Peer 1: 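I have a structure here, written as structure tokens, and I will follow up with some questions on it.
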Amino acid sequence: MSAVPGRAPLPTLDTLVRLKRGTGGADAPAPPRRLTVPDGMTAPLGCDAVSVPARFGPLLMPRLPRVGCVYADEARWWWLVPSDSDYALEWPAPAYYATGALLPDTRHVPGLVHRPDGTLPYTPPIPLYLALCRLTGATPTWSRAISA
């Protein structure tokens, strides 16, 4: 930083970045929020979440043999699934897979709209995946043709 006689020193780029990070201005991203397991339930396999646009939520529910914890807001519905339920699966668009059940770019946590009986919060991921593939017209990963 070079000083000009009679003037305050000019801030460096590092100083400006540090100041911006410290302000938490209106355009600062919201801190990550996480879907939590309701009291009295346990998640021995860890938790991830699968999200779909709200219009798909009511269509998926009756297609599932077991429904775990489901959260919803005006835009999306979220299903808790065991950790690593994305292993070897490509969840079809417009689904979003959230590792650790962390919600992207949201200022509030969706409300719980379904709680299963028992102590496990999970929706089985394979039936959820297949129901979502059927609704979206996607071909399940294992059924796709392999090109040479």
Side-chain angles (χ1 to χ4, degrees), residues 1 10-148:
M1 199 166 16
L10 296 173
T12 66
L13 183 56
D14 287 340
T15 303
L16 293 173
V17 168
R18 198 171 29 250
L19 287 171
K20 176 65 177 162
R21 287 183 183 158
T23 62
D27 60 341
R33 306 221 187 258
R34 183 182 309 269
L35 293 174
T36 58
V37 175
D39 289 340
M41 300 190 98
T42 61
L45 302 175
C47 267
D48 289 347
V50 176
S51 164
V52 297
R55 70 181 183 275
F56 288 117
L59 301 173
L60 282 169
M61 294 289 276
R63 295 173 183 244
L64 299 171
R66 180 185 189 284
V67 178
C69 289
V70 181
Y71 300 80
D73 60 23
E74 63 280 345
R76 300 195 72 81
W77 283 41
W78 299 84
W79 277 262
L80 289 185
V81 294
S83 291
D84 299 323
S85 293
D86 61 337
Y87 181 76
L89 289 180
E90 293 175 28
W91 287 85
Y96 174 79
Y97 190 87
T99 302
L102 285 173
L103 307 175
D105 304 327
T106 183
R107 297 213 178 264
H108 68 283
V109 175
L112 183 66
V113 296
H114 183 269
R115 178 187 172 135
D117 293 332
T119 61
L120 296 176
Y122 306 122
T123 295
I126 297 301
L128 178 59
Y129 174 79
L130 290 172
L132 189 56
C133 283
R134 179 160 219 131
L135 275 178
T136 61
T139 302
T141 304
W142 55 81
S143 297
R144 295 183 189 149
I146 299 174
S147 60

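Because the structure is predicted, anything quoted here is derived from the model rather than measured. In what follows, residues are counted from 1 in the order of the sequence shown.
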Peer 1: Please name the pair of heavy atoms, one in M41 and one in G118, separated by the smallest distance, quoted to 0.1 Å.
Peer 2: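 That would be CE-O, 3.7 Å.
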
Peer 1: Should C133 and T139 count as side-chain neighbours, where that means a heavy-atom distance under 4.5 Å?
Peer 2: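 No, every pair of side-chain atoms sits at 4.5 Å or beyond.
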
Peer 1: Measure the shortest side-chain to side-chain distance between W79 and L64 over non-hydrogen atoms and say whether it is less than 4.5 angstrom.
Peer 2: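 Result yes, sub-4.5 Å side-chain heavy-atom pair found.
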
Peer 1: So, for A101 and L80, which heavy atoms are closest and what is the spacing to 0.1 Å?
Peer 2: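 In this case the closest contact between A101 and L80 is CB-CD2, 4.2 Å.
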
Peer 1: What residues form a side chain to side chain contact (heavy atoms under 4.5 Å, CB included) with T119, not counting sequence neighbours?
Peer 2: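 Partners of T119 under the side chain to side chain contact (heavy atoms under 4.5 Å, CB included) test: T42.
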
Peer 1: For S51, what residues pass the side-chain hydrogen bond (donor to acceptor under 3.5 Å, both in side chains) criterion, not counting sequence neighbours?
Peer 2: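 Counting only residues at least two positions away or on another chain, S51 forms a side-chain hydrogen bond (donor to acceptor under 3.5 Å, both in side chains) with R76.
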
Peer 1: Restricting to pairs with a member in residues 59-72, which pass side chain to side chain donor-acceptor pair (under 3.5 Å), not counting sequence neighbours?
Peer 2: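 For residues 59-72: none.
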
Peer 1: Looking only at heavy atoms, what is the nearest atom pair of D48 and D84, with distance?
Peer 2: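 Result for this residue pair: OD2-N, 2.9 Å.
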
Peer 1: Taking all atoms of both residues into account, what is the closest heavy-atom pair of V37 and C47, and its distance?
Peer 2: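 It is CG2-SG, 3.8 Å.
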
Peer 1: Can you check whether P94 reaches T136 side chain to side chain, under 4.5 Å on heavy atoms?
Peer 2: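 Contact flag for P94/T136 side chains = yes.
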
Peer 1: Just to verify, what does L45 make a side chain to side chain contact (heavy atoms under 4.5 Å, CB included) with, not counting sequence neighbours?
Peer 2: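 Only P82, Y122 meet the side chain to side chain contact (heavy atoms under 4.5 Å, CB included) criterion with L45.
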
Peer 1: Which atom names give the shortest non-hydrogen contact between L103 and H108, and what distance separates them?
Peer 2: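 Closest pair (atom of L103, atom of H108, distance): CD1-O, 4.4 Å.
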
Peer 1: Between V67 and P116, is there a side-chain heavy-atom distance shorter than 4.5 Å?
Peer 2: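 A side-chain contact is absent here, since even the closest heavy-atom pair is not under 4.5 Å.
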
Peer 1: What pairs with Y96 under side-chain hydrogen bond (donor to acceptor under 3.5 Å, both in side chains), at least two apart in sequence or on another chain?
Peer 2: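 Per chain and number, Y96 pairs via side-chain hydrogen bond (donor to acceptor under 3.5 Å, both in side chains) with no residue.
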
Peer 1: Indicate yes or no: at least one non-hydrogen side-chain atom of V109 is less than 4.5 angstrom from one of L35.
Peer 2: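 Yes, close enough: below the 4.5 Å cut-off.
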
Peer 1: The criterion is side chain to side chain contact (heavy atoms under 4.5 Å, CB included); which residues satisfy it with L102, sequence neighbours excluded?
Peer 2: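 Applying side chain to side chain contact (heavy atoms under 4.5 Å, CB included) to L102 gives P32, R34.
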
Peer 1: Are W77 and F56 close enough that their ring centres sit under 6.0 Å apart?
Peer 2: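 For W77 and F56, the ring centres are not under 6.0 Å apart.
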
Peer 1: For R55, which residues count as a side chain to side chain contact (heavy atoms under 4.5 Å, CB included) partner, sequence neighbours excluded?
Peer 2: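 If we apply the side chain to side chain contact (heavy atoms under 4.5 Å, CB included) test to R55, skipping adjacent residues, the hits are P53.
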
Peer 1: Looking at side-chain heavy atoms only, is the closest gap between W91 and L132 below 4.5 Å?
Peer 2: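 When only atoms from C-beta onward are counted, L132 and W91 do touch, with a gap below 4.5 Å.
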
Peer 1: For P140 versus L130, what's the shortest heavy-atom pair and its separation?
Peer 2: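 Minimum heavy-atom separation between P140 and L130: CG-CD2, 3.9 Å.
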
Peer 1: If we only count heavy atoms from C-beta on, is the L120 to P44 side-chain gap below 4.5 Å?
Peer 2: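 Heavy-atom side-chain distance check passes, below 4.5 Å.
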
